[in-house]
Every structure is written in structure tokens, then in C-alpha cells.
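Lettering of chains follows the sequences in order, A, B, ..., and the numbering in each one begins at 1.
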Amino acid sequence: MIPVGAELPGTNKIMSKKITVCFADIPIEIESKSEFMANFCRDYICDKAPLFSVCTDDEAVNKEIKNYIGNTTYSYAEAICLYREIAERLPLFNAAVFHGAAIEYEGKAYLFTAPSGTGKSTHISLWRKYLGEKVKIINGDKPIIKYVNGGLYVYGTPYAGKEGWQKNTMAPLAGICVLSQGNENIANKAKNGIFIKLLCQTYKPHGKEAAENTLQLVQKLCGLPCFTLSCDISENAVKASFTALTNKKYGEQNNEN
Amino acid sequence: MKINGNFIKEKIMDECVVVPCGSDYKNGVFTLNGTGEIIFDLIAEGKEKEEIVDVLIKEYSADKQEITLFVDEFLTKLQKVGILIND
């Protein structure tokens, strides 16, 4: 048997592996050189007929390795390139990859977004710490947002950052919080500039139709309750975002348990 | 001069953004204020620099030399990021 990644005899083709995954209810065929993707996406494997296929090449993977901050493997770099190919096509299905940490609380999803290193993962871990098991992490880094039947939904994906917090689940998106580091711990309703802030955290595809769809999707995000929060890592930070996003009184959730 | 067709301009929630797609993807997202948007739209209509200056002089009742300098500077910026290209 010719192993995945090996050259097929008599050709200059490399044996590749194909899997079909379901991201945001969109079946996608992924062709990869390494066995890594099958394991990486194991929670998302499906047997539906794919709506489109993606693959990548050595040039793209080697470029990814070169640009990667830190050490990475060919397999993981290939996985990133493949997600980029998927992200290019998602807007054609009213979906987009979003840079943010997504959680579910009492059946609703909330997104926390900020540039890398600001503290999104820390903030959602604090939600878990102070609000307990009612907080379910959908994805800690790059979930997919999709517009379906008049509503916005957040979906888990295997691309979940270094903590690997993810679950193949989805929930209706009820609010977004743009985080920054500080010690005010006051959530303010986002005003001017929120569209650009959210657009900068959304994958922007090359294709014109996909790019236009992405702008429309981000516009829809702006129609949700959006807040900015300058916060630290205390319980007050959780209290601020919880109160703003859920419109509930912080502290009463413990009485409900 | 003309607007590079690989850029999309959209006015969303009082923000005017210009987003690259296609081969100009590397350049990021841009925002235009009110005056920038007027100039962008005039270029898209096929207006030349002198016509743009004339419109802005009427719009802002400002000095021609000052407006010309401003327009020159703005067009240079648009060219630098690839939004403005030659015919």
C-alpha cells in the first residue's frame, strides 16, 4: 500500500488523502498530503456529498512555515493553508471565519474578539471559572459565523488555538464583545468604528463576490448587541461582559443552580 | 487615472470602507472620511484632477491652491496603496 505523502510509482504525483468534513453544516472535501488532517478534523468528519473541495500545494505550505511565528510542522502548516482555502469559499455560503473566542451560555452564543495576545482565551476561561458548567466553549480561536434563515449562528471548528478548546456544536449568536487590556471593567455599547473592528477580525477573501458577501455578513454582525470592554483578569471583568451581553444580573446565575 | 477594480467600496453604518480583493489582497482595509469618499466617487465617475478640485472648491468654499495640494496628497496616498491606477 502506498502511504499518504509518498510518490506514486511512475508518476510525479504524491499520494494524498481525502476526507469530507462538515464545517458550519457545509460539507467540504479536503485533500491533504499528510494523515494529520483526518485526526485533526476527527470531530467533524461526515459522509455527506461535499459542496466543494480544497487542496493546497508545497509552495503555499512552505510559505506558511516560513511566516509562522515559532516552530511548526509541515502537517500543521498544511492544515492552516487548507483552512485558508476553505475560508476563501465560505462567504459564498453566507459564512466566514472569524477571529474570536466563542462561548455558549443558556443556549446563546457570545463572541469575544481582539487582536492576538489581548486575552480572549483568558476572558472565556474566567467565564468558565466564575459561571461554571453553564458556559460551554464553542471555539477558542477561529469559529465560523454563518447567516442562516434570518439569523446569525456560531459554529465550532477544529481550528481552536493553542488551548484546543473546541466542540462541534453551534448556537445562535446573541452578542459580541471587543476586548482590550485595561482596568476599567466597564462594557460600553460599541459605537463608531465597530464595523471596521469586526471586519479586521473577519477573514477577507480574494474573490470579489466572496468579499462583497463578507462585508454584508459583517454588517449583519454590527446589528447585534456589540460592546467594547477594557478589562483585567478579575471577576469584575466577567461581571462587566456578562451583564452587558446577557442583560442579566450577575450573581443571580448562582441562585439558579 | 482610475479606481483599481480589485477594490470594493461600501458604506456601512456611517463608515466608508475600501476593501481589496484579488491580487491586491495584501494591502489591508481602508476607511474614507466624507471628503475622501467624495473624491473616490468622482474618480470612479471618470473625473480628472482639475474637475475634482473644482468640485471641492464649490463644496468647501476653499482656496484653490489649498484644495489642489490636498487633492494631490490624497491621490498620492491612493496610488501608493494601489487603489488608484493609471488608465
B:Asn6 side, atom CG; A:Lys208 side, atom NZ - distance, nearest 0.5 Å: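 B:Asn6 atom CG to A:Lys208 atom NZ measures 6.5 Å (nearest 0.5 Å).
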Rounded distance [0.5 Å steps], NZ in A:Lys197 versus CD in B:Glu15: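 If I round to the nearest 0.5 Å, the distance is 8.5 Å.
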Under 4.5 Å from any heavy atom of chain B - which part of A:Leu199: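 Side chain only.
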[X] atom [atom1]: more than 12 heavy-atom contacts under 6.0 Å:
X	atom1	value
B:Asn33	CG	yes
A:Asn67	CG	yes
B:Asp63	CG	yes
A:Glu59	CD	no
B:Gln65	CD	no
A:Lys239	NZ	no

Closest approach of B:Cys21 to A:Pro205 (non-hydrogen atoms, all atoms of both residues): CB-O, 4.0 Å
Closest non-hydrogen atom pair, B:Ile12 against A:Leu215: CD1-O, 3.7 Å
Validation row: B:Glu10, A:Gln216 side chains within 4.5 angstrom (heavy atoms):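 Yes; the side chains approach each other to less than 4.5 Å.
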Heavy-atom check, side chain of A:Glu212 versus side chain of B:Ile8, under 4.5 Å: yes
